[in-house]
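Notes follow once the structure below has been shown.
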Number of protein chains: 2
Amino acid sequence: MEGDGTRPVAARTDGTLGPRVRRIRKDLGMTLAEVSQATGISISAISKIENDQVSPTFANLMRLAEGLDIPLGRLVSIDSEDRSGSARMTVTRAGDAKYRTTQSYDIWALCTNIQHKRMMPMVERVRSRDPDSADGMISHSGEEFVFVLKGAVAVHTEHYEPVRLEEGDSLYMDSQMAHTYTTLSQEDAEILMVWLSPAAQSSSDNTRMVESLLNRKS
Amino acid sequence: MEGDGTRPVAARTDGTLGPRVRRIRKDLGMTLAEVSQATGISISAISKIENDQVSPTFANLMRLAEGLDIPLGRLVSIDSEDRSGSARMTVTRAGDAKYRTTQSYDIWALCTNIQHKRMMPMVERVRSRDPDSADGMISHSGEEFVFVLKGAVAVHTEHYEPVRLEEGDSLYMDSQMAHTYTTLSQEDAEILMVWLSPAAQSSSDNTRMVESLLNRKS
DNA sequence: CTGGCGGTTTTCTGATACGACAAATATACG
DNA sequence: CGTATATTTGTCGTATCAGAAAACCGCCAG
């Protein structure tokens with residue numbers, strides 16, 4: 001092992017983990033010593049991790065996530081807290097939502113122009129009245145929350161009896177369970193839906209997933 | 001292999017990573033050799049990882065995620081799809097939400113009785129009209145989505161000019177940015193808010209966090 | 001200039017993950 | 001049963017990670 005010029009070069013990681021860890025630590029206003037205290041990892045090890053001089057073991061990644069109080073998945077995922085440059089807030093006016101339509105729904109996707117967004121909020125007008133002739137039952141990953149803005153809808157699922165939701169009622173479900181919505185009121189009902197994708201790391205991912213979900217009949 | 005004390009004992013990881021990796025591999029119908037091929041990790045190493053005999057380095061975790069075609073965050077996160085036993089859906093009627101009040105808001109937490117929930121939906125009546133005399137600017141982790149149900153509100157943040165939101169308008173923000181809401185309309189405004197905690201793994205966690213956020217003045 | 005003093009980086013050494021190979025099982029299938 | 005395939009286990013050499021301590025780096029006071 002001739003040390004003839006061979007620098008560490010820090011190629012043992014993707015080169016973003018370290019800076020990400022440092023950023024999180026700084027955001028929490030902690031010193032290396034405090035993180036060491038909180039995680040049980042030595043100061044030097046943390047320093048090397050932050051400088052991408054080592055590829056930490058899974059064990060230490062877990063301890064790090066624990067001590068920094070951040071889910072491990074967030075810690076290691078590439079998306080990072082790097083909000084630099086991108087907007088941290090976006091507003092969508094009542095009429096300005098991004099519109100699209102399917103066989104059974106009119107959909108207005110809200111707040112589409114913010115990056116690194118994990119929830120996908122949208123307003124939907126439910127046009128179908130028959131669970132079978134509709135787009136059909138849809139099953140996808142993640143969780144969804146529904147709040148009835150206007151009218152009344154029925155929620156059809158594979159495991160429960162249909163549920164009637166009136167204005168102001170809300171529902172939260174594991175969206176892996178196949179489901180569909182139909183209007184029960186005279187006028188087409190309107191619901192506010194927020195979908196959370198477990199896998200989604202970026203806004204563009206989410207948007208793509210929504211598109212594919214809406215296009216498949218199932 | 002005499003059990004003369006020194007056995008691996010597999011305490012170098014949390015004990016769930018290995019089985020999880022194996023499960024994913026099996027689901028994909030791949031052999032160790034194929035995964036080795038796809039990831040560049042040796043067969044023996046993968047075997048040891050799957051049996052929790054080693055704590056893989058971050059570098060190998062990345063290669064593994066890449067080769068198994070799964071987001072790294074999903075690969076390492078504990079959460080798992082184990083929804084067995086608990087309810088997969090819950091409904092909250094318009095009048096039945098869990099109520100509480102603070103100096104500036106009346107809050108109805110929605111869908112509180114479902115486990116493993118990551119989004120925290122709530123309806124808030126905004127009573128304050130002065131951003132300074134209110135509960136004060138609040139900064140917390142995560143993201144929040146707001147939809148105005150009734151009236152008009154102003155959103156005050158540390159980085160942006162106050163934004164006026166009318167009925168039907170919506171907003172999405174990185175809630176680490178300090179913020180507060182005030183009513184602009186004659187009648188107290190009502191908003192639907194969905195908060196996503198990055199750390200939250202379970203409903204109870206979320207509820208506790210909401211409580212502490214609401215109680216601190218800051 | 002000099003000497004603390006937090007905070008961080010580097011150095012040094014023991015512990016351990018990794019890769020390659022081989023032998024021992026385990027599993028699947030005819 | 002055999003045979004083929006897949007997986008586990010063990011060994012060895014190397015790469016490299018973790019931790020302790022020393023060195024380093026502003027920064028500030030005297």
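First the proteins, then the strands, lettered A, B, ... as listed; each starts at 1. None of these values were measured; they are calculated from a predicted model.
Atom CG in Asp52(A) sits about 11 Å away from atom P in dC17(D), given to the nearest Å. For the pair Ile49(A) CD1 and dC17(D) C1', the computed distance is 9 Å after rounding to whole Å. As a whole-Å value, the separation of Leu61(A) CG from dC17(D) P is 12 Å. To the nearest angstrom, P of dG19(D) lies 6 Å from CG of Asn60(A). Atom CG of Leu64(B) is separated from atom C1' of dC18(C) by 14 Å (rounded to the nearest Å). Here dT16(C) presents its C1' atom at 17 Å from CZ of Phe58(A), a figure rounded to the nearest Å.
Put simply, Arg63(B) has no side-chain N or O that comes within less than 4.0 Å of OP1 or OP2 on dA17(C).
The two residues Leu61(A) and Leu72(A) have their closest heavy-atom pair at O-CD1, 3.7 Å.
With values rounded to the nearest 0.5 angstrom, Leu75(A) atom CG is found 7.0 Å from Leu68(A) atom CG. Taking CE of Met177(B) as the start and CE of Met137(B) as the end, the distance is 9.0 Å to the nearest 0.5 Å. The distance from the OG1 atom of Thr57(B) to the CD1 atom of Ile41(B) is 7.5 Å, given to the nearest 0.5 Å.
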Using side chain to side chain donor-acceptor pair (under 3.5 Å), reason through Tyr172(A) and Thr112(B) one step at a time and then give a plain yes or no.
CA-CA 9 Å; Tyr172(A) 200 109; Thr112(B) 50; over 6 Å; no
Starting from the C-alpha separation in whole Å, work towards a yes-or-no answer on side chain to side chain contact (heavy atoms under 4.5 Å, CB included) for Ile191(B) and Tyr105(B).
CA-CA 10 Å; Ile191(B) 62 181; Tyr105(B) 307 101; 5.6 Å; no
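Residues passing the side chain to side chain contact (heavy atoms under 4.5 Å, CB included) test with Ser36(A), sequence neighbours excluded: Ile43(A), Ile46(A). Checked against side-chain hydrogen bond (donor to acceptor under 3.5 Å, both in side chains), Glu50(A) has the following partners two or more places apart in sequence or in another chain: Arg22(A), Arg25(A). Here Asp96(A) pairs with nothing under the salt bridge (Lys or Arg N to Asp or Glu O under 4.0 Å) rule; sequence neighbours left out.
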Distances under 3.5 Å between nitrogen or oxygen atoms of protein and nucleotides 25-30 of chain C:
none

Distances under 3.5 Å between protein N/O atoms and the N/O atoms of nucleotides 7-9 of chain C, please, pair by pair.
{"residue": "dT8(C)", "atom": "OP1", "partner": "Arg25(A)", "partner atom": "NH1", "Å": "3.3"}
{"residue": "dT8(C)", "atom": "OP1", "partner": "Lys26(A)", "partner atom": "NZ", "Å": "3.1"}
{"residue": "dT8(C)", "atom": "OP2", "partner": "Leu32(A)", "partner atom": "N", "Å": "3.0"}
{"residue": "dT9(C)", "atom": "OP1", "partner": "Arg22(A)", "partner atom": "NH2", "Å": "3.4"}
{"residue": "dT9(C)", "atom": "OP2", "partner": "Arg22(A)", "partner atom": "NH2", "Å": "2.9"}
{"residue": "dT9(C)", "atom": "OP2", "partner": "Ser47(A)", "partner atom": "OG", "Å": "3.1"}

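With axes fitted over five pairs at each extremity, the angle between the ends of the helix from dC1(C)-dG30(D) to dG30(C)-dC1(D) is 30° (10° resolution).
For the side-chain contact (heavy atoms from CB on, under 4.5 Å) test with Leu184(B), the passing option among Glu166(B), Arg164(B), Arg129(B) is Arg164(B); the others fail.
Using a 4.5 Å heavy-atom threshold, the side chains of Leu64(B) and Val21(B) count as touching.
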